[in-house]
Amino acid sequence: MTSSFQAPIGTHDVLAPQSALWEGLVATFAEFAFRFGFTLILTPMFEEIGVFNRGIGEDSEVATKEMYVFQDRGERTYALRPEGTASVVRAFVQHQPTVPYKAWYVTPAFRYERPQAGRYRQHHQLGVEAIGTDDPAMDVEVIALAWRFYQALGLRRVRLLVNSMGHSECRGRYVDVLRGHLDEHRDQLCEEHQATWSHNPLRVLDCKRAPCVAVIADGPLLPDFLCAECSTHFSAVRKGLSDLGIDADVEPRLVRGFDYYTRTTFEFVADALGNAQNAIGGGGRYDSLTEQLGGKRAGGIGFGSGIERLLLAREAEGLTTNLINRTSDLFVVDTTGQDVATVIVDDLRRSGYAVERSFDARSMKSQMKLADRSGATLALLIGPQELEAGQVTIRDLRSDDFAAAQQSVAREDLLPALRERLNK
RNA sequence: GUGGGCGUAGCUCAGUUGGUUAGAGCGCCAGGUUGUGGUCCUGGAGGCCGCGGGUUCGACCCCCGUCGCUCACCCCA
């Protein structure tokens with residue numbers, strides 16, 4: 001079929017009924033964020049390119065080959081947001097809200113990649129940031145929010161991996177030793193990293209290719225290089241998680257794709273997802289990002305979670321129930337020209353019911369069919385008889401008993417009758 | 001960026017060694033007499049067979065290109 005336009009590569013239109021799953025997910029996350037004391041933040045979808053480059057690292061995979069960069073008519077260079085954190089931190093630096101500043105967001109994120117299962121050029125993230133405290137209890141709170149949220153989604157096969165990157169000094173010491181180790185084995189690295197290992201040795205830890213994996217396997221481990229303070233911080237985070245009954249596997253080779261992380265880093269892996277795109281969320285602490293973006297020092301921690309992957313993970317775990325009800329309560333069938341329907345539908349909606357109706361003056365049979373398909377519990381029938389008598393016939397669409405399923409009431413008695421029938 | 005698979009109705013797919021008006025199921029619409037859905041029956045709408053070029057008397061089918069979808073590597077959500 002020839003169609004003149006279609007959604008760009010790696011992007012998707014989401015229509016009902018799938019979109020109802022999104023509503024449920026976002027609503028659930030909003031509720032949890034609220035419970036945990038986070039307020040909503042909205043920031044622009046694009047920023048000056050430096051906002052992203054400085055934080056995530058100019059030589060990171062995302063910055064070098066995945067960002068959507070463009071110039072506007074004023075020749076300013078902008079980039080479409082590739083992730084959620086940088087914009088929030090920029091807004092924090094700009095507005096200086098009282099600390100700790102705790103914000104949640106839901107946003108599209110853009111990365112120019114070859115699409116595949118669980119990876120898109122536009123994907124969507126739910127996330128939080130808590131800025132202005134170094135307290136490990138905040139790390140615990142942020143991770144707990146994610147964990148409790150996943151539980152509420154019904155996900156069971158999720159593993160939490162944690163690590164500590166230390167602060168700049170201990171990380172610096174580690175990088176020196178790592179660099180030495182890589183230098184020793186430089187010829188054994190994968191092709192790409194033979195050329196680039198020296199520039200940013202931490203990237204090699206992230207490499208999935210066999211040669212690099214082998215070299216890293218007997219290399220130095222980050223947690224062994226933590227200073228006393230970072231080590232204490234990391235212990236406090238692990239203890240806090242353990243106190244909450246949240247199992248965390250320390251993964252000493254876990255480094256994440258963005259350079260801004262310090263101390264705590266973590267990732268949530270959905271084992272139900274068989275493919276390589278099984279990370280449903282991740283995050284960490286970024287204690288120097290505010291300074292990198294021109295502000296005063298303020299420690300922060302956050303996480304982001306991909307909506308598409310959460311939905312894939314739910315599907316993979318066989319979780320089919322939606323988190324929010326998106327079927328109508330009532331369907332109004334009117335064969336008298338539908339002027340009555342217009343008024344009754346509005347009345348009912350003002351009373352709080354979810355009400356659907358048909359258009360184009362379809363036959364009764366046709367309207368009943370639509371009523372059935374709408375999923376509504378009850379149909380309200382208005383034909384010439386009801387119009388004449390000032391009545392409405394209530395028909396239970398979910399009952400097999402034809403006689404018991406139907407009842408006619410006066411228009412003024414409709415609301416009480418519905419309250420009884422629907423129990424709401 | 002590299003590599004594999006695939007593009008035929010809204011969806012899932014058939015389509016016989018290239019042969020005339022391209023099919024099915026589901027979905028959609030309308031009927032099955034006098035106001036009733038979920039089952040059943042009948043009928044209907046809906047396809048430049050992704051696009052462009054080539055081979056051929058003739059192409060959905062073969063060849064080339066292109067665009068797109070999809071999966072994997074890599075990276076990540």
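The sequence lines fix the lettering, A, B, ..., with proteins before strands; numbering per chain opens at 1.
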Which salt bridge (charged side-chain N to carboxylate O under 4.0 Å, His left out) pairs, counting each pair once, include a residue from [range], with sequence neighbours left out?
{"range": "residues 32-51 of chain A", "result": "A/E31-A/R35, A/E47-A/R90"}
{"range": "residues 212-224 of chain A", "result": "none"}
{"range": "residues 106-115 of chain A", "result": "A/E113-A/R119"}

Side chain to side chain donor-acceptor pair (under 3.5 Å): which pairs involve [range], sequence neighbours left out?
{"range": "residues 152-168 of chain A", "result": "A/R159-A/D271"}
{"range": "residues 378-391 of chain A", "result": "A/E386-A/T393"}
{"range": "residues 249-259 of chain A", "result": "A/R203-A/D259, A/R256-A/E267"}

### Base versus backbone protein contacts along nucleotides 25-33 of chain B [heavy-atom cut-off under 4.0 Å; B, S, -]
---SSS-B-
#### Entry: Annotated protein contacts, base or backbone, on nucleotides 67-72 of chain B with a non-hydrogen cut-off under 4.0 Å, one of B, S, - each
-SSSSB
### Message
Would the base of B/A77 count as contacting A/E113 through its side chain, where contact means a donor and an acceptor less than 3.5 Å apart?
### Response
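Result: at least one qualifying N/O pair found.
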Can you check the distance between [N] and [M], where both ends of the measurement are the [atom1] atom (answer in whole Å)?
{"N": "B/G52", "M": "B/G7", "atom1": "C1'", "value": "15 Å"}
{"N": "B/G27", "M": "B/U56", "atom1": "P", "value": "47 Å"}
{"N": "B/C40", "M": "B/C26", "atom1": "P", "value": "8 Å"}
{"N": "B/A9", "M": "B/A24", "atom1": "P", "value": "14 Å"}

### Task
Measure across A/E83 and A/F52 and return the closest heavy-atom pair with its distance rounded to 0.1 Å.
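Answer, listing the atom of A/E83 first, then A/F52: O-CE2, 4.4 Å.
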#### Entry: Aromatic-base stack, A/H123 on B/A77, cutoff 5.5 Å, angle under 30
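Aromatic stack with B/A77 present for A/H123.
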Let's see if you get this right: which residues in [range] place a heavy atom under 4.0 Å from RNA chain B?
{"range": "residues 138-156 of chain A", "value": "none"}
{"range": "residues 197-214 of chain A", "value": "A/D206, A/C207, A/K208, A/R209"}
{"range": "residues 14-44 of chain A", "value": "none"}

### Canonical and wobble pairing (Watson-Crick, G-U, under 3.5 Å) of RNA chain B, dot-bracket with |
(((((((..((((.....[...)))).(((((.......))))).....(((((..]....))))))))))))....
